[in-house]
Amino acid sequence: MFFSKKFFASVALAVVCASTASAVPYPSALKHATHRVRDVTPNLQVVTFHPESTFETFGEGIDHPLAKRAADDLKSAAISFVQSKLGVSADSISFKSGFSNDVAQHAFVKQQINGVPVANAVANVAFNNADKVVSFGSSFVNPTGQIPSTEPTISLDTAISKAEAALNGQFNQHPPTVEFVAQEDGSVALAHVVQIQNDSTGAWFEAFIDAHSGELVHVTDFVTKASYRVLPITKEILTQGFEVLTDPQDTTASPDGWHSDGTTSTTTTAGNNAIAFRGAQTSVTTESSTGLNFIFTQNPNAAPSTQVNIDAARVNAFYIVNTIHDISYKYGFTEASFNFQNNNFGKGGSGNDRVTISVQDTAGTDNADFATPADGQSGRMRMFLWDLTNPERDGALENDIVSHENTHGITNRMTGGGTGRCLQTTEAGGMGEGWSDAMAEWLEHSDATVPDYVLGQYVTNDAAGIRSHPYSTSATINPLRYSSLRTLTEVHDIGEVWANLLHNVYAGLVGAHGFSATAHTDPTTTGGNTVFLHLFIDALTLQPCNPTFLTARDAWIQADVNRFGGANKCTLWTAFASRGLGVNAANHQDDSTVPAGC
Ligand SMILES: *[C@@H]1O[C@H](CO)[C@@H](O)[C@H](O)[C@H]1NC(C)=O
Ligand SMILES: [Ca+2]
Ligand SMILES: [Zn+2]
């Protein structure tokens, strides 16, 4: 929501203004769900505002106004439901996107005023296969004050220069838009929306420049940084067991394999779902022998810059990102639900957005990041070297780091209909980190045991890894609870709370249903691990833009009704309640109540 370059002439002033920023009249607990504070440069702090999302779930579902008619389509059903639910006129709703999976139909709409969409006022409706509404999320606003003219008085060129100067980067030529953006004081501003990137810092923003005043009024930050907590080097070196896998691709998810988009075939680490390179995108790894063999044996005693180690890094990252593409595809992250592919084979969604994986990227160390712009623009993964050991270690060779980053792409695309704008608040961004850790953990399970889980041991050369506690079913080993959010403010710290909750949900489901060894390739299996990933993916689409722990939990409960008839209701509630997210939890206060009958 605000920023202010002119106030930040120096670092010292920035500190003063930073404390002013946190003195806005909102209880700190509430700000998690509606705000995010970002240090864009040493001299610029940006505080963004996101209207609070409401979220309701309806179990077996309720009727919508067009249910009685024969020929209703998703678009008109969604618009008429939102209209009746919020008491707004049809011309204040514009349909953004929608898709169906096997258990639900999802529609994403935007509020519009005088024909112009409001960027941060959105709603999502889900219908089950009986054509009943099962959930509704909304951040629509009721603006106060005068609505600005929809004709910009500031030119686009001026807005671009202002955005470039404010955000320390360059306009990337992505087509700009003009949108309203809801402000914290209840007003709306008309804005030129332009994308600003900085190749050396990796920054990638959507800047909202007021089209009448020229001020920066809002940003979307497409980058989720890892900023791992780095601990002293103390313990054993983790030895990674490399294996040669033959034809790991899934032909349902990737019909032309990993090295072809249906038109162009390669013999390199470049294909329809991803391209892994170092430096320039032309610098890929070519097969070691004909027949798409990529056999490069990492030498742990040589520097990462040794040729064989560069190749091993590109091949491993390419393999992990493609594998996650295929697994998540089978559980519902498809072309229509805004995944990352160059060719969508006519199955919906926007193409030309495979993941670009930059290994050994020189822009940073001891870290990694993932940028998720809207469907149709590539997701950008950057893996850095870790300099805690000699030789340095390569994040691309630690699968949980690659998986964590790639999962940011899934959660940012599936929440809110593919815009990349819906995990921007502190609490939603925190859960983004948590889902990424939880997915990394899920991928590593190989039997029904649920051991404590630690992330990032290899790159740090530390058995304790990069988080404050292992994820654990023991509240002694990991004491994090919902109420921990009252004191935590950093997204990775908040993410640990969510990932630990999900670890306990996972343990509950595997306890109830056992473990399916083929869950990675067969989503029709019935193990608790299969159930977990279905609910994980399904809930992302149900939950509202900028979800909270409470609304994300409710989305899991509803996802279970949609797919499993509510069979796991008590298992889920018991796990959530065990860490304070029970029925009466609110405002970051713990509650351990489960519903009657559980
Ligand atoms: C990118 O950021 C660097 C470091 O802050 C800065 O020196 C450079 O000018 C920026 N690039 C652009 C295009 O603004
Ligand atoms: Ca896409
Ligand atoms: Zn992350």
Side-chain angles (χ1 to χ4, degrees), residues 39-44 97 99 160-173 195-205 207 221-229 261 272-274 325 328-329 333-356 363-364 367-379 381-384 395 400-414 417-420 423 428-440 455-456 466-467 490-496 498-499:
D39 294 314
V40 172
T41 68
N43 298 329
L44 175 64
S97 55
F99 67 92
I160 288 170
S161 328
K162 297 228 177 211
E164 288 178 334
L167 295 172
N168 187 39
Q170 207 171 15
F171 173 53
N172 70 358
Q173 305 297 327
Q195 289 192 9
I196 302 295
Q197 284 186 254
N198 182 318
D199 289 341
S200 70
T201 64
W204 189 347
F205 293 106
D221 187 350
F222 288 136
V223 182
T224 46
K225 295 176 195 66
S227 58
Y228 295 116
R229 181 180 289 111
D261 63 7
N272 197 43
N273 310 324
H325 168 276
S328 59
Y329 189 100
F333 186 42
T334 60
E335 297 90 348
S337 56
F338 324 110
N339 77 355
F340 302 96
Q341 291 180 199
N342 271 3
N343 184 345
N344 279 1
F345 309 108
K347 297 177 188 165
S350 300
N352 292 315
D353 62 355
R354 67 178 172 187
V355 176
T356 63
N367 214 329
D369 66 20
F370 197 100
T372 315
D375 190 29
Q377 279 182 285
S378 277
M381 178 184 289
R382 300 187 309 165
M383 306 303 298
F384 306 143
D400 55 24
I401 306 277
V402 183
S403 307
H404 173 104
E405 296 308 331
N406 201 358
T407 304
H408 281 305
I410 300 175
T411 55
N412 276 292
R413 282 281 174 85
M414 293 198 87
T419 61
L423 295 180
M431 284 190 291
E433 298 304 332
W435 282 303
S436 282
D437 283 6
M439 177 71 91
L455 189 95
I466 52 180
R467 301 294 186 230
E490 196 277 332
V491 286
H492 299 87
D493 295 341
I494 290 172
E496 290 190 35
W498 184 239

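Remember, it's 1-based here, ligands and their atoms both numbered in the order they're listed.
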TODO: Taking the side chain as every heavy atom from C-beta outward, state whether H404 and D437 have any pair of such atoms under 4.5 Å apart.
DONE: yes
Open item on the list: Could you report the tightest heavy-atom contact between S350 and G376, atom names first, then the distance?
Closed with: CB-CA, 3.6 Å
Task: Heteroatom of H404 nearest to the Zn ion (ligand 3) (N, O or S, atom name) - done: NE2
TODO: Any chance you could lay out the side-chain contact (heavy atoms from CB on, under 4.5 Å) test for H325 and Q341, step after step, and finish with the verdict?
DONE: CA-CA 9 Å; H325 168 276; Q341 291 180 199; 2.9 Å; yes
- [ ] Measure the shortest side-chain to side-chain distance between N412 and F222 over non-hydrogen atoms and say whether it is less than 4.5 angstrom.
- [x] no
Task: I401 side chain reached by I466 side chain, heavy atoms, under 4.5 Å - done: yes
Open item on the list: Quick check on the Zn ion (ligand 3): does E433 put an N/O/S atom closer than 2.8 Å to it?
Closed with: yes
TODO: For residues N339 and R413, determine if any side-chain heavy atom of one lies less than 4.5 Å from a side-chain heavy atom of the other.
DONE: no
- [ ] Could you go through the side-chain contact (heavy atoms from CB on, under 4.5 Å) check for E433 and H408 one step at a time?
- [x] CA-CA 7 Å; E433 298 304 332; H408 281 305; 3.2 Å; yes
Task: Criterion side-chain contact (heavy atoms from CB on, under 4.5 Å) on D353 and F338, from CA distance to verdict - done: CA-CA 10 Å; D353 62 355; F338 324 110; over 6 Å; no
Considering only N or O atoms, set out every pair between ligand 1 and the protein closer than 3.5 Å, with distances to one decimal place.
from: ligand 1; atom 1: 2 (O); to: N168; atom 2: ND2; distance (Å): 3.2
from: ligand 1; atom 1: 2 (O); to: N198; atom 2: ND2; distance (Å): 2.3
from: ligand 1; atom 1: 5 (O); to: N168; atom 2: ND2; distance (Å): 3.0
from: ligand 1; atom 1: 11 (N); to: N198; atom 2: ND2; distance (Å): 3.0
from: ligand 1; atom 1: 14 (O); to: G169; atom 2: N; distance (Å): 3.4

Task: Heavy-atom side-chain contact between F370 and V223 under 4.5 Å - done: no
Open item on the list: Quick check: do F345 and N272 have side-chain heavy atoms less than 4.5 Å from each other?
Closed with: yes
Task: Check: G417 main-chain N/O paired with S97 side-chain donor or acceptor under 3.5 Å - done: yes
TODO: For the Ca ion (ligand 2), state how many protein N, O or S atoms fall inside a distance shorter than 3.0 Å.
DONE: 5
Task: H408 near the Zn ion (ligand 3) via N/O/S, less than 2.8 Å - done: yes
